[in-house]
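Just so you know, these numbers come straight off a predicted model, no measurement behind them. Just so you know, ligand 1 is whichever comes first in the structure, and atom 1 is the first atom listed for that ligand.
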Amino acid sequence: MLPVVVVHGGAGVIPEERREGVRLAARAGYAVLQGGGGSMDAVVEAVTQMEDNPFFNAGRGSVLNVAGDVEMDAIVMDGKTLASGAVSCVRNIANPTRLARLVMEKTSHLCLTAGGASLFARSMRIPEVPQESLITEYARMCWKENLAPGANPVESQLGKFGTVGAVAVDGGGNVACATSTGGILNKMEGRVGDVSCIGSGGYADNAIGAVSPTGHGEAIMKVCLSRLILFHMEQGQSAEAASDLGLAYMASRVAGLGGVVTVDPQGRWAARFNTKHMAWAAAQGGTLHHGLEAGEHFTQRIGDPR
Ligand code: GLY
């Protein structure tokens with residue numbers, strides 16, 4: 001069994017800049033495994049990197065809601081114990097995934113939302129950041145464009161943004177997932193998407209594997225995409241075949257588009273999508289795999305800069 005970290009940086013029509021961002025994130029997560037960290041440490045590190053990168057729709061770079069504010073969702077799940085933690089509609093923090101991990105580790109709850117999540121963040125001494133530090137000029141421009149009568153923010157977003165996520169297996173065969181997002185462009189205030197909902201925005205179970213999705217949250221929630229894919233793996237499908245079955249069901253049943261990264265406890269992995277692009281990268285055994293367009297699969301040594 002070879003430990004692995006697999007990340008995605010959003011599905012849709014994805015800009016080239018994300019290629020570099022997902023490679024950096026996969027390398028960072030893999031370095032944690034090589035340093036003796038567990039799969040949970042690795043996925044949180046990988047996703048934190050993408051939350052700090054303004055090219056992704058998570059943390060800094062998040063899309064804005066209809067009022068022009070940033071409200072973020074995140075989840076983590078530990079396949080060893082089925083422990084999970086999530087936050088929804090959280091504001092003024094740089095790394096919602098770290099807060100989700102604290103919900104898992106320090107409370108008896110699975111999800112904290114909005115003001116309650118902020119109170120908890122303060123009690124954990126997570127620094128508050130000004131909202132302006134999370135907003136990029138690009139996000140503000142897209143928000144303004146989509147305030148116009150007749151605008152279609154969902155359509156517009158598929159061309160530009162994407163949730164981020166990671167799955168990993170460590171040397172002990174423990175699997176974990178983490179997913180983080182600013183949600184969908186010009187969403188209603190208080191909208192909660194798939195990401196903070198266990199089984200939709202991620203799932204991890206050492207007996208089966210782990211999944212982190214990206215795509216239109218309402219569609220992902222209707223089919224509980226992450227747990228659906230793991231159900232297919234429980235029935236004997238490979239990570240790749242189960243991912244394709246889950247995505248095909250979402251497309252045929254609710255016309256939903258998206259992508260996933262999936263691992264099994266043996267370190268077999270998949271990065272699959274039914275959109276034009278999904279930025280993805282996987283680090284395993286000294287090799288970095290990556291791609292963006294359908295059918296694309298490049299490899300390089302992990303240490304090579306490009
Ligand atoms: N999949 C991210 C969202 O819809 O919020």
Side-chain angles (χ1 to χ4, degrees), residues 7-14 18 22 43 47 50-51 55-59 61-67 69-77 86-91 96-97 99-100 111 113-114 117 134 139 142-143 146 152-167 177-203 211-229 243 246-247 250-251 254-262 271-280:
V7 311
H8 68 72
V13 183
I14 298 295
R18 300 248 182 101
V22 289
V43 292
V47 171
M50 291 186 282
E51 287 173 339
F55 287 115
F56 295 103
N57 172 21
S62 287
V63 297
L64 308 187
N65 70 15
V66 71
D69 294 322
V70 172
E71 290 185 328
M72 301 166 287
D73 302 338
I75 191 168
V76 298
M77 187 162 181
V87 289
S88 66
C89 290
V90 69
R91 296 178 178 219
T97 305
L99 186 59
C111 184
T113 193
L134 301 174
C142 294
W143 169 69
N146 282 282
N152 185 341
V154 171
E155 187 73 14
S156 168
Q157 170 146 1
L158 273 177
K160 293 167 184 143
F161 293 107
T163 295
V164 304
V167 291
C177 67
T179 313
S180 181
T181 190
I184 58 174
L185 186 56
N186 293 34
K187 62 188 179 181
M188 290 174 69
E189 292 172 88
R191 179 262 188 187
V192 176
D194 61 299
V195 167
S196 44
C197 298
I198 187 170
S200 292
Y203 203 84
V211 177
S212 171
T214 173
H216 190 223
E218 280 69 8
I220 291 171
M221 283 191 277
K222 285 175 188 167
V223 301
C224 295
L225 182 64
S226 297
R227 191 62 185 81
L228 175 64
I229 288 169
S243 301
L247 289 167
M250 185 168 79
V254 296
L257 296 177
V260 294
V261 289
T262 305
R272 308 293 293 171
F273 49 100
N274 59 13
T275 46
K276 185 160 188 223
H277 300 150
M278 181 176 80
W280 64 270

Query raised in the report: Of all the non-hydrogen atoms in the protein, which one sits nearest to atom 3 (C) of ligand 1, and at what distance?
Result: Asp194 OD1, 3.2 Å

Requested in this report: Please confirm whether Gly215 comes within less than 3.5 Å of ligand 1 when only nitrogen or oxygen atoms on both sides are compared.
Outcome: yes

Report summary line: Paired with Val254, the side chain to side chain contact (heavy atoms under 4.5 Å, CB included) test is passed by just one of Lys222, His216, Met221, namely Lys222

Query raised in the report: Hey, which atoms in ligand 1 end up nearer than 4.0 Å to a heavy atom of Thr163?
Result: 1 (N), 2 (C)

Requested in this report: For Ile184, counting its heavy atoms only, list the atoms of ligand 1 lying under 4.0 Å from any of them.
Outcome: 4 (O)

**Report entry** Nearest-0.5 Å distance that lies between atom CD1 in Ile220 and atom OG1 in Thr179
**Finding:** 9.0 Å

Query raised in the report: Of all the atoms in ligand 1, which lie at a distance below 4.0 Å from a heavy atom belonging to Gly183?
Result: 5 (O)

Query raised in the report: With only distance considered, is Gly217 within less than 3.5 Å of ligand 1 through an N or O on each side?
Result: yes

**Report entry** Partner of Thr275 under side chain to side chain contact (heavy atoms under 4.5 Å, CB included), chosen from Leu257, Thr214, Leu247
**Finding:** Leu257

Query raised in the report: Is Arg191 paired with Glu218 through a side-chain N to carboxylate O contact shorter than 4.0 Å?
Result: yes

**Report entry** Candidate pair Ser62 and Leu134, rule side-chain contact (heavy atoms from CB on, under 4.5 Å), full reasoning
**Finding:** CA-CA 7 Å; Ser62 287; Leu134 301 174; 5.8 Å; no

Query raised in the report: Closer than 4.0 angstrom: is that true for some heavy atom of Thr214 and an atom of ligand 1?
Result: no

**Report entry** Closest protein heavy atom (residue, atom, distance) for atom 5 (O) of ligand 1
**Finding:** Arg191 NH1, 2.7 Å

Query - Euclidean distance, Ser200 OG relative to Asp194 CG, rounded to 0.5 Å - result: 6.5 Å

